[in-house]
Amino acid sequence: MNIHRDDEISRTWFARAQEVIPGGVNSPVRAFHAVGGTPLFFVSGRGAEVVDADGNSYVDLVCSWGPMILGHSHPEVREAVEAAVARGFSFGAPSMAEVLLAEEICARVEPVESVRLVSSGTEATMSAIRVARGFTGRNKIVKFAGCYHGHSDALLAEAGSGIATFALPGSAGVTAGAAGDTIVLPYNDPDALRAAFAAHPGEIAAVITEAVPANMGVVPPAAGFDTLISATAHADGALVISDEVMTGFRVSRSGWYGIAGPEGQDTADLFTFGKVIGGGLPVAAFGGRAEVMAVLAPAGPVYQAGTLSGNPVASACGLATLQNCTEAVYTDLNHVSRAIGDLATEALSAAGVPHRLQRAGNLFSIFFVDSDVRDYDQARTQDTAAYARFFHAMLDHGVSLPPSAYEAWFVSAAHDEDSLERIAAALPAAAEAAARVD
Ligand SMILES: Cc1ncc(COP(=O)(O)O)c(C=O)c1O
């Protein structure tokens, strides 16, 4: 337990960072703006633990925002990466690791017959949209408020994640032209979906949805909503893109698809992946029906490319991670995630803090609200100041949570009984802090 945590070295480095990096960070949510204070600089991670520059150690419930599903510096993954590094870093030519990774993805998610590797989730969703537009010859896309699909222009409208954290409606720098073909609908709202297709028949290229929204906190699809998306889109000739960047290979060996299944005859046409498939190195992917993916260059007219796409070191890291994600790992993840969620709920209830824990498999988040959350408008009613107090008290007691009330908590297969004990010990004081009215 840190309690008297010293963060002088992190502060010094953050001051240096602010001189040369906008806001001192290379991705906004890291800046702690939503919770206040100075972000920590982490210098190492082993298993479920990360250590900051001042030598404080924390149980890590961020896990690099998802990728570290096996815990930090997993020995077999490290070995695979070291072996790949020894062979060379990048060739700009086909390499075997990328084929093996693509085969592993296709084997795990049945509707994915063909898959292209890229370097970030943003690239994956942006490219999937382009494929959908190229395949259908249509321009418009439908997305849901509170779903985050990366930071490409067309997808930033009413996105969750950092956009929610900073209470931005979208982003400066996105032209009306770039966002003009994006129709934003409330999540879990069947009437709004039907109305959008009725208003734009034959114009919508695709509906993109997070398999389970987890960037406004975790908001599972209401019963039948995914089926309705597929049925409505397919009846109009539009495609469905299931964004599994967050859920893919995290909530089951086949991601959310492995839990929800194809929901009858209808399923997504394209899937996007990221995070876990890189195991901590930059790998993401988009894939789907071979007929749809065939529009991509060099086979077809839709251009998409990347100097480091399918990089052999990153692919080796992703492949070793997936190969180690056995059924036993998912059983452990489910157990640990449930245990942590239960502990947090007990502590918050004991302190009288209104909250809702919502989960999708082992992915969960806690909303500081007093009713269930079905969409972005409801998510935004939560008490973010209470979360900020909770977050800092957890940090002071050696537990690192996501620095925003809108993010999911991530567990790894390395979280064990010791991690649970440390979390249990931290929670009462954090719940008391959340309950305190300033
Ligand atoms: C569902 C979803 N899609 C896309 C992205 C973008 O991925 P990246 O940050 O790798 O660009 C994210 C990132 O959090 C995500 O959660």
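Numbering of ligands and ligand atoms starts at 1, following listing order. Atoms considered below: every heavy atom in the structure, side chains included; atoms not considered: hydrogens, waters and symmetry mates.
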Which segment of [X] sits under 4.0 Å of ligand 1 when only heavy atoms are counted:
X	result
Trp65	neither
Asn215	side chain
His149	backbone
Thr122	both

With heavy atoms of [X] as the reference, note each atom of ligand 1 found under 4.0 Å away.
X	value
Gly150	4 (C), 5 (C), 6 (C)
Ser120	10 (O), 11 (O)
Glu210	1 (C)
Tyr148	1 (C), 2 (C), 3 (N), 12 (C), 13 (C), 14 (O), 15 (C)
Gly121	6 (C), 7 (O), 8 (P), 10 (O), 11 (O)
Asp243	1 (C), 2 (C), 3 (N), 4 (C)
Lys275	13 (C), 14 (O), 16 (O)

Looking only at atom types and distance, does a side-chain atom of His415 sit under 3.5 Å from a main-chain N or O of Asp60, one as donor and one as acceptor?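 Yes, His415 side chain to Asp60 backbone: donor-acceptor pair under 3.5 Å.
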Atom CD1 of Ile277 and atom CG of Leu117: how far apart are they, to the nearest 0.5 Å?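 Taking CD1 in Ile277 and CG in Leu117, the distance rounds to 6.5 Å.
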Taking the six-membered ring where the residue is Trp, are the ring centres of Phe368 and Phe390 under 6.0 Å apart?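 Here the rings of Phe390 and Phe368 have centres that are less than 6.0 Å from each other.
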Between Arg108 and Glu103 (salt bridge meaning N to carboxylate O under 4.0 Å), is one present in this structure?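 Salt bridge flag = no for Glu103 with Arg108.
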Summary of side chain to side chain donor-acceptor pair (under 3.5 Å) pairs that have at least one residue in residues 313-332, sequence neighbours excluded: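 Residue pairs with at least one partner in residues 313-332: there are none.
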Pairwise side chain to side chain donor-acceptor pair (under 3.5 Å) hits with a residue in residues 275-286, at least two apart: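 Listed once each, the pairs would be none.
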Applying salt bridge (Lys or Arg N to Asp or Glu O under 4.0 Å) to Asp181 and Arg138, what does each step give before you reach the verdict? CA-CA 10 Å; Asp181 281 323; Arg138 301 172 177 187; over 6 Å; no
Within a 6.0 Å radius of atom CZ on Phe91, are there more than 12 heavy atoms belonging to other residues, nucleotides or ligands?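 It does: Phe91 CZ has more than 12 such atoms within range.
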